[in-house]
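Here is how names work: the chains are called A, B, and so on, in the same order as the sequence lines, proteins then strands, and each is numbered from 1. Since this is a predicted model, take the numbers as computed values, not measurements.
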Amino acid sequence: MSLQPPDAAQRIWMLTQMLRIRTFEERVKRTFTDHPGVIRGHTHLADGAEASIVGALSHFRAGDAVLATYRCHGYPLTLGSDPGAMMAEIYGRADGLCKGLGGSMHLTDVRHGFLGTSGIVGAGIPHAAGAAWAAQIRRRGEVVFSFFGDGASKQGAFHETLNIASLWKLPVVFVMENNGYNVVTTTSQEDASAAAGEPLAVKARAHAMPGVTVDGTDPLAVHAVVGEAVERARAGRGPTLVESKVYRLSAHGNIIAPPGVPLHYPEHEAIAVFGKRAEYEAALRGDPVPRWRGVLVQNGMLTPAGADELTARVLEEMERAVSFALASPFPDTACALQYNYA
Amino acid sequence: MSLQPPDAAQRIWMLTQMLRIRTFEERVKRTFTDHPGVIRGHTHLADGAEASIVGALSHFRAGDAVLATYRCHGYPLTLGSDPGAMMAEIYGRADGLCKGLGGSMHLTDVRHGFLGTSGIVGAGIPHAAGAAWAAQIRRRGEVVFSFFGDGASKQGAFHETLNIASLWKLPVVFVMENNGYNVVTTTSQEDASAAAGEPLAVKARAHAMPGVTVDGTDPLAVHAVVGEAVERARAGRGPTLVESKVYRLSAHGNIIAPPGVPLHYPEHEAIAVFGKRAEYEAALRGDPVPRWRGVLVQNGMLTPAGADELTARVLEEMERAVSFALASPFPDTACALQYNYA
Amino acid sequence: MAQMPYIAAIDAGIHQEMRRDPAVLYFGQNLATTENHEFLAAYGADRVRVTPISETAEIGIAVGAAMAGLRPVVELYMAEFMLVAMDQVINEAPRMRYMSGGQVKVPLVLKAGYGFACGWAGQHTGSLAALFMGVPGLKVAVPATAADAKGLMATAIRDDNPVVFLHHYLLTLEQGEVPEGEYLVPFGKAEVRRRGSDVTLVATGWMVSRALAAAEQLAAEGIEAEVIDPRTVAPLDLETLLTSVDKTGRVVLVDQAPRHASVSALIAADIAEHRFKALRAPIVQVTAADTTVPYSEPLEAHVIPDTARIAAAVRQALR
Amino acid sequence: MAQMPYIAAIDAGIHQEMRRDPAVLYFGQNLATTENHEFLAAYGADRVRVTPISETAEIGIAVGAAMAGLRPVVELYMAEFMLVAMDQVINEAPRMRYMSGGQVKVPLVLKAGYGFACGWAGQHTGSLAALFMGVPGLKVAVPATAADAKGLMATAIRDDNPVVFLHHYLLTLEQGEVPEGEYLVPFGKAEVRRRGSDVTLVATGWMVSRALAAAEQLAAEGIEAEVIDPRTVAPLDLETLLTSVDKTGRVVLVDQAPRHASVSALIAADIAEHRFKALRAPIVQVTAADTTVPYSEPLEAHVIPDTARIAAAVRQALR
Ligand SMILES: Cc1ncc(C[n+]2csc(CCOP(=O)(O)OP(=O)(O)O)c2C)c(N)n1
Ligand SMILES: Cc1ncc(C[n+]2csc(CCOP(=O)(O)OP(=O)(O)O)c2C)c(N)n1
Ligand SMILES: [Mg+2]
Ligand SMILES: [Mg+2]
């Protein structure tokens, strides 16, 4: 792909992936009520960020790599991972993508270029730079996509890595999904740039790196901005920091509680903590998934019926994923001691 | 003090302190040859940075605090610490400033506002912010001076701290002594900003903080720039990053070697490693100590004889420090187990 | 006495000290982001602040604030998050006093949950006490009950040294009787949770309840286990442990960490050195399997010491 | 065989593997800053790079590069500098393979000096092996001789897992016979440095020489100590240790770290559990005093185990 705007097929591919992410995660969320106890620990949803994920990964080519955080369901789905294996992982089953050892926070699918995730904020950013060093040495024009949140830019790892990536001109694109929150802290409560009314992309200035802010709810805008960054990286001209502004439509994650307490998704922090219902409802109105569907229908790239059919197909796919995962057995306990060492 | 240029007495005070630092450290350096084995471990000299230290600390007031790194001889001398106790510390003696427990890298003199040092690059920067929080709560207009090197700005701790200090408007002045080197690495070999020809003060932009670059070999220039930063901090308007450009005139530190190998100061890395004798000699010609003496003499603030007398007095003071330290006994071994806990 | 969950008891301990001493600060991520936050409302923004996700700066700031006369309590949530700032925890906070020859003191509390073995998988379930236990200058508290949670937190805040306060996440909602009013639990005083004369069972945190459950099972078989909870592992109350060993001659230590990352190995070594004569059987350790903690429930359960394994180890020690 | 200092032997091990395998990278601070740097000249700027003072990024980059198929060796100089990046060392590198269900491997070497007790004072003299030893997924090598330095480094680079390679700074210039050509020392194989039947003396790194010196002193008294150097503490060759204990019935462990931060305590606990019957005396540990390391020479010497203390401990074990 290049800097040309995506053609119709690509635009429909974008909608398909966005729907798949949304629907997959709706099934994750519903699992807490439909099948209590089946999901353990902490899950984090990408709802609201689908356009950003898909717009960015529309530039993914075989040989590229993607690294991300605990909020990691969207990327492998877009890259082609099997949603059944993903759901089975989230359910801790033997057929899980990671054999039930990793869980929701640690999805990995090397076969599809999804190299790894870390549950520690900021920790995955240097991993991406390391993979980019490998790509730089291979000299095949491959790039690495590094996804992380706005909060992660407050970790030293972020700055240390940006400096090195810029200095070494590593082929990596840093995509900061700025969803305005770190759990229950707003960006301007924890970030001096935000508090001063500046975009977070300004952080790139400390590292002689281009920094761009983009509307992450618009897949075309993300496609364009990330496309330029990817081209720059493939050409050996170094990394870019892309601040993709999104709004997370669910709470940070399901509630955190010890065993016995049923897990569920609480209301979004904007409402539950800050009482800012209007903010949340505005975000809902801007929900990128129906919006992009609307754009495609309006532009005649998709009929309403075609869109409905796509939606139904995706729903069915994700229902199959749930059934597959539910039917998958627990791993053998012997598996618990495997894979500590290669 | 204020933003008015320093008066004659202050200018002579500056020269006095610069001479004291230089002479003290010449005695430290000479100890390796005059008294082999008396200094152990690693010492780091401030030669070349005297004007910066003194220009900055000319704004120190009782109640303020100073935190620094392993390269820490200059600050306590300027603040009024006893050079005998300092030398005794560097010699590991019972009369040492820190009872012989800390050594050259860890000078501390709370009575004179020198709150602490860390030998870990960047680690002292948040300590300074913490002390500044205490000052902010006290509401007496006190400030904290945080000194560190150019290399330290590559540690995550630097960025994490600058963000918080800016966000909270902490009364702290970050003085980065950019001496162009991290041991044997030049700034542009490790810093993307420097590699792109930008000043390191640009890092402040990532944190909505003013960043200023100043000629650290000119005590008046430093006095002016730090003075503004201090005033800003005292007024509750938050921190400033001051990049003070200096040139370290000695090697990074004495050689690193196990016991048995006599320690000494090797040639400066510019010559020994990079073969850039011209660079080093230019720096020597710009040596801030004789230059400032020259300025004072030229402006008639000091006669050559007066300057010579001052120099002689300082030399005598530092010779006394050496004698005192040499005469001081080793600490009692029981002391080794004290002070782990309060 | 009031009945309250462990987590509320920790808060009660912080409140007790914040009310008493204006030098106490409380800060960390994701707290005090609205004005009706309990601590913020009570003590104001000078003393209670939300921080960015910047553990190195958070803990480093605590060190500096402590050197400048304050008493910071840093909320870190999960113990693993300290790993990004480990230099501040083990090479700054506990060294500053020593290296200054006693000029400064560094009273601060690093409050962190640990051992959250309920599906939090490889990076969030660790039991890290042993990492801190051997660092001179540092103290380490590991409360197992609500009362200790309050009393040890208060003592931690009043202590003039850096303290790592490790609360067990699986105990969060455990109810317990907690003394009202000023309450302090001394550091370095183990608690005998159950008296017995056949074997000394040592456990901390969540493992205390499993050790007690095993002791009940064993009692039915006529085996009386003495269950000891050290409560602080630095300082460690070796005396109480050794006194018990003198009586029982047999020791089983339980730990949620893998063998060579466990507190129990460090205690076992001390007992082996100091009570060789009293021992009538090998010192047995019941630790987690040597593995990263798996996500899937049956696997997670498989690798962590349970009542059956503890009871079996006791029987082995008695054979 | 060639005579060379320990430090040169480490380099020889790196060279051996870099020549052999183009996937091996070597990078870190303050190296390769001019074109005539030995490794840069030999292997080029793709594979040899100077890094900024950014341990978190350096080690994190190593993790990512390893996951992408390379074999990074990170030069960290002093082990303490890893503390600012401890999350990468103990919660990233060794977890990635496991959490991915075996999809990735993370072959990397973290090369760091330790134990530099010659006036480097409180923050630069630590003996940190015990911090890493208990982390599943991680391996830890602690060479005590030039030959082992080469052979263990080569093995570390060839290993498909993250390895913390801890070389002792005080051994830097120690000469030793080093096999020429390809040389590998297996992990998990302790070396018996001296045969003896009266007591098993365990030591690593610099402490090996002090243990051997004590053994010589004791031999003059008719006491024959068997001195064992585990060489890697993860994996730990418990078998060799236990076999020796079966013979001697007495154990003295020497460690440069404070008691509860020591490898020796972890080993002592294993021996206590597995060789109770064979033991004829308490397991004695000779560790550093529980203190930050002081700067002043006589104090530093006072807190670190020396030959006299080791010999005295052996005599005690034989009493
Ligand atoms: C080093 C570290 N500190 C704290 C946490 C706890 N934590 C998990 S997610 C999160 C919020 C991260 O915010 P952001 O980077 O904006 O990502 P988002 O969740 O909004 O996508 C925090 C604080 C952690 N995982 N790691
Ligand atoms: C975290 C950490 N990494 C590495 C070191 C080793 N080290 C000591 S001083 C130094 C150079 C620091 O350079 P800079 O900050 O520019 O200060 P300068 O010495 O030039 O004054 C380095 C790398 C350290 N002490 N701490
Ligand atoms: Mg966010
Ligand atoms: Mg420098």
#### Entry: Contacts of C/T34 that satisfy side-chain hydrogen bond (donor to acceptor under 3.5 Å, both in side chains) - sequence neighbours left out
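In terms of side-chain hydrogen bond (donor to acceptor under 3.5 Å, both in side chains), with neighbours along the sequence ignored, C/T34 is linked to C/N36.
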
#### Entry: C/Q29 and A/E190 side chains, donor-acceptor separation under 3.5 Å
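On atom types as modelled, these side chains do not qualify, holding no pair under 3.5 Å.
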
### Full working for side-chain contact (heavy atoms from CB on, under 4.5 Å) between A/S118 and C/Q123
CA-CA 8 Å; A/S118 177; C/Q123 293 183 310; 3.3 Å; yes

Heavy-atom proximity to chain A below 4.5 Å, by part of [X]:
X	result
C/T56	neither
C/T125	neither
C/A117	backbone

#### Entry: All side chain to side chain contact (heavy atoms under 4.5 Å, CB included) counterparts of A/P76, not counting sequence neighbours
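With neighbours one apart ignored, the set is A/S81, A/M86, A/L107, A/F114.
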
### Task
Considering non-hydrogen atoms only, spot the tightest contact between C/P294 and A/L101 and give its length.
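Closest pair (atom of C/P294, atom of A/L101, distance): CB-CD2, 3.7 Å.
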
### Message
Within the 4.5 Å heavy-atom criterion, are C/T33 and A/F274 side-chain neighbours or not?
### Response
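In contact.
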
#### Entry: Proximal to chain C - members of residues 254-263 of chain A, heavy-atom separation under 4.5 Å
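Those residues of residues 254-263 of chain A which have a heavy atom under 4.5 Å from chain C are A/I256, A/A257, A/P258, A/P259, A/V261.
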
### Query
With sequence neighbours left out, which residue pairs that include part of residues 36-45 of chain A fulfil the salt bridge (Lys or Arg N to Asp or Glu O under 4.0 Å) condition?
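The answer is A/R40-C/E297, A/R40-C/E300.
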
Under 4.5 Å from a heavy atom of chain C, the part of [X] involved:
X	result
A/S153	neither
A/N340	side chain
A/V273	both

